[in-house]
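Atom set for the values below is all heavy atoms of this structure, side chains included, hydrogens, waters and symmetry mates excluded.
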Amino acid sequence: MLPLPRYDACPLLMLVVLSACTLDSTDSFVDVQSDELALSARNIQRTDRSVGPVPSRSGTLTASSKGSGAPVCGSAPASMVDLTWSVPDERRALASNEEVTLNLRSRSRSPLRVRTSIEVLGRGSYQKRTLVNNVGVIGASGSRGSTIRVSELLANGAVEPNIASQLIAHAEILDDASRVVARATSAPLYVHGEQQGVRAYEAATFRDAFRSGDIQGSLSRLPVLDGTRQGFVMGGEGLSPSLVSEVQQNDPVAVDLPIGSNNNHTFCMLYHASTVDSGVGEDYYNSTNWWRARGARVRVRAFYWPFPTIYEGYANEHTGCFSFQSDIKQFFVDLYAETRIGQNGNITVRALPSTGETEVPHWTILSSPNLTGGTRYFYGPASSVSNLIAIGNFALYWFDRHAGNRIATNHTVTLYNQACPSIPNNSCNGFGGQLYIHPNSNQRKFLIAHEVGHQMYFMHRNDGSFGSFNCGENIGGSACTYSTGASDNEHSLHSKEWQSCALSEGFAHFVAADVFNNHAQTGAHFHYYKDGYPASVNVENGPTGGDTAFMEANCSGSDTGYGVELDWMRALWDYHTNSGSKPNHASIMSQIESAHNHHAFSHGSAYFRLWDAADQAGFGNRWQDMSEHNGIDHY
């Protein structure tokens, strides 16, 4: 929670300036809508056709009439009226005997006839009420005020407990025939009820206290308000039925959502993920931007000072939903880039902007659900961090779930939106729970799932090493080598490497393919992410992405102890999905664990060690057949 900014003096909250002159036509008048950004303390400048530059919050909006008649209003209006809000103190709630005042100050050469109205807009119901509506005369260089007592706000029901409302002032300058010759609307003054009365604060405080980031979707650790409530353009809540249906259809796990009622609220959280490698033929999340925030860390706070916490915990691992009971009408919902999934929530997944950050980012969404409760969907804004947590969390959830939640020990996996420390142009895996996703690749779901695949491999074995994990061979002729000149340890889908490398990388590709394809079917598509290769790879067979048994068909030299990633990915996919007695995820991971735990796993013995482990599990012949078909049986 962020404290409200402190002020040592009564703040000048809103400032709107009108100009007036007598016009011949009642249709010719200036209608000025004040600009919240221009009136903020951020020194933002803006120029409109009828509104001049506004250098800061203390600046003025000047409007000049364009119609015909005498006198003609030019660049120096003859009449000006300043329209300002003021409150005694923003730092505390106002007692019932205190006042909120609208001040009008004339800078005209003669008296002005002014009509003033003050409306309240309830943020929960958008119900509009007019509190003040009067006409009066302001003398030359004079002033007059319209005062609203806190007791009047509460008595009229204009400000309800726990709901933030807006006070908006309108001022019109009238000629002698009561025709409007100039008009302006103030920026809103925000008020909400509290135990001691009401709290009143201006738009800049609302924005600075409760919002960070920008409309391009950048993310900081501070809360972010959504775009469904007036004046904000980020995030969102309350997905339409068609979008909810899209989320359900693109999600591989069909679940029944609980329905809240009688003040029992069920909130279902979604992460926003933008991808550039969707729609290549895969089955899941191939178009939608909304991903279930499975197991997401959440917090619900009441929307009144000092924003007490109503609920805090982790959403359901399968649905991304959680339920709580409350009889208030408006909430702040905090959605964190952190989840807990797996057996008893033993796998924690986090996403951070860089290794220099330690505090998990979160988004804040303003919600005004019905008092009767119900189920509502919420989604955070797009950002690189949101991409990482949405995609990385789903990949870990999907594979671990189908492996029978076999990982019993606690693990923390952190995805950083940062280039690999040892290979600056690449993404990589730290094997200690750190995934480094290059900022240019945080929209590549297959690449992120590939790095997750390395983590799944690591978490299912305990020999502490990977034999001679060597991807530095890069041999076999022009069709079987790869280099960008960036590293001595480069490898690719087709590079001929030791089997330890081919297995490690091929397994990670297999996990990415498995995550986004229905493994109850034999066909699958995988999007490869390195330049110079087909984007869509047919996982089942060639030629897209390379011939079946690519190494045997294209690479020169002895094949003993060697392999290529493509062949190993296809062998694992066939082993898992082809007809016959199929090993499930749990069995495959158990075999990999056995191959490491009971043998001297060297750089060229991966095929043989896995064959032995598969044989002990009753799948020896199947492993041999799939390996021979895809050309990885070289030992």
Within the side chain of [X], is there an N or O that forms a donor-acceptor pair under 3.5 Å with the backbone of [Y]?
X	Y	value
Gln434	Val413	no
Arg292	Thr319	yes
Ser354	Gln418	no
Thr309	Tyr311	no
Asn393	Ala390	no

For the residue pair [X] and [Y], what are the closest heavy atoms and their distance?
X	Y	result
Leu335	Ala293	CD1-CB, 4.3 Å
Val298	Ala315	CG2-N, 4.4 Å
Val360	Ala337	CG1-O, 3.4 Å
Ser323	Thr266	OG-OG1, 2.9 Å
Ser274	Asn387	N-OD1, 2.8 Å

Measure the acute angle between the ring planes of [X] and [Y], then classify it against the limits of 30° and 60° as parallel, tilted or perpendicular.
X	Y	value
His318	Tyr397	perpendicular
Phe324	Phe322	parallel
Phe394	Tyr285	perpendicular

Start with the C-alpha gap between Arg113 and Val135, add the side-chain angles, then the distance that decides, and say whether side-chain contact (heavy atoms from CB on, under 4.5 Å) holds.
CA-CA 7 Å; Arg113 195 159 179 257; Val135 177; 4.1 Å; yes
Pairwise distance [atom1]([X]) to [atom2]([Y]) - rounded to 0.5 angstrom:
X	Y	atom1	atom2	result
Ile341	Glu317	CD1	CD	6.0 Å
Arg294	Cys321	CZ	SG	10.0 Å
Arg299	Ile310	CZ	CD1	11.5 Å
Ile391	Leu396	CD1	CG	12.5 Å
Met269	Asn316	CE	CG	13.5 Å
Glu357	Arg350	CD	CZ	11.0 Å

Measuring only between side-chain heavy atoms, which start at C-beta, is [X] closer than 4.5 Å to [Y]?
X	Y	result
Leu415	Ile448	yes
Pro111	Ile138	no
Trp363	Phe378	no
Pro439	Ser384	no
Leu112	Val137	no
Asn289	Tyr271	no
Arg340	Ile347	no

For His411, all residues meeting side chain to side chain contact (heavy atoms under 4.5 Å, CB included), sequence neighbours excluded
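Partners of His411 under the side chain to side chain contact (heavy atoms under 4.5 Å, CB included) test: Ile407, Thr409, Met459.
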Side-chain donor-acceptor pair under 3.5 Å between Asn442 and Asn417, yes or no?
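There is such a pair (donor and acceptor under 3.5 Å, judged by atom type) between the side chains of Asn442 and Asn417.
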Hey, mind stepping through Tyr377 and Leu270 against side-chain contact (heavy atoms from CB on, under 4.5 Å) and telling me if it holds?
CA-CA 7 Å; Tyr377 280 76; Leu270 299 163; 3.6 Å; yes
Please test His272 against Trp291 for side-chain contact (heavy atoms from CB on, under 4.5 Å), starting from the C-alpha separation and ending with a verdict.
CA-CA 6 Å; His272 185 286; Trp291 300 53; over 6 Å; no
What residues, two or more places apart in sequence or in another chain, satisfy salt bridge (charged side-chain N to carboxylate O under 4.0 Å, His left out) together with Arg115?
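Expected list: Glu172.
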Report the C-alpha separation of Ile389 and Glu338 in whole Å, then their side-chain angles, then the decisive distance to 0.1 Å, and conclude whether the side-chain contact (heavy atoms from CB on, under 4.5 Å) test is met.
CA-CA 7 Å; Ile389 191 64; Glu338 176 181 303; 5.7 Å; no
Partners passing ring pair (Phe, Tyr, Trp, His ring centres under 6.0 Å) against Tyr416 (at least two apart in sequence or in another chain)
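Partners of Tyr416 by the ring pair (Phe, Tyr, Trp, His ring centres under 6.0 Å) criterion, ordered by chain and then number, come out as Tyr436.
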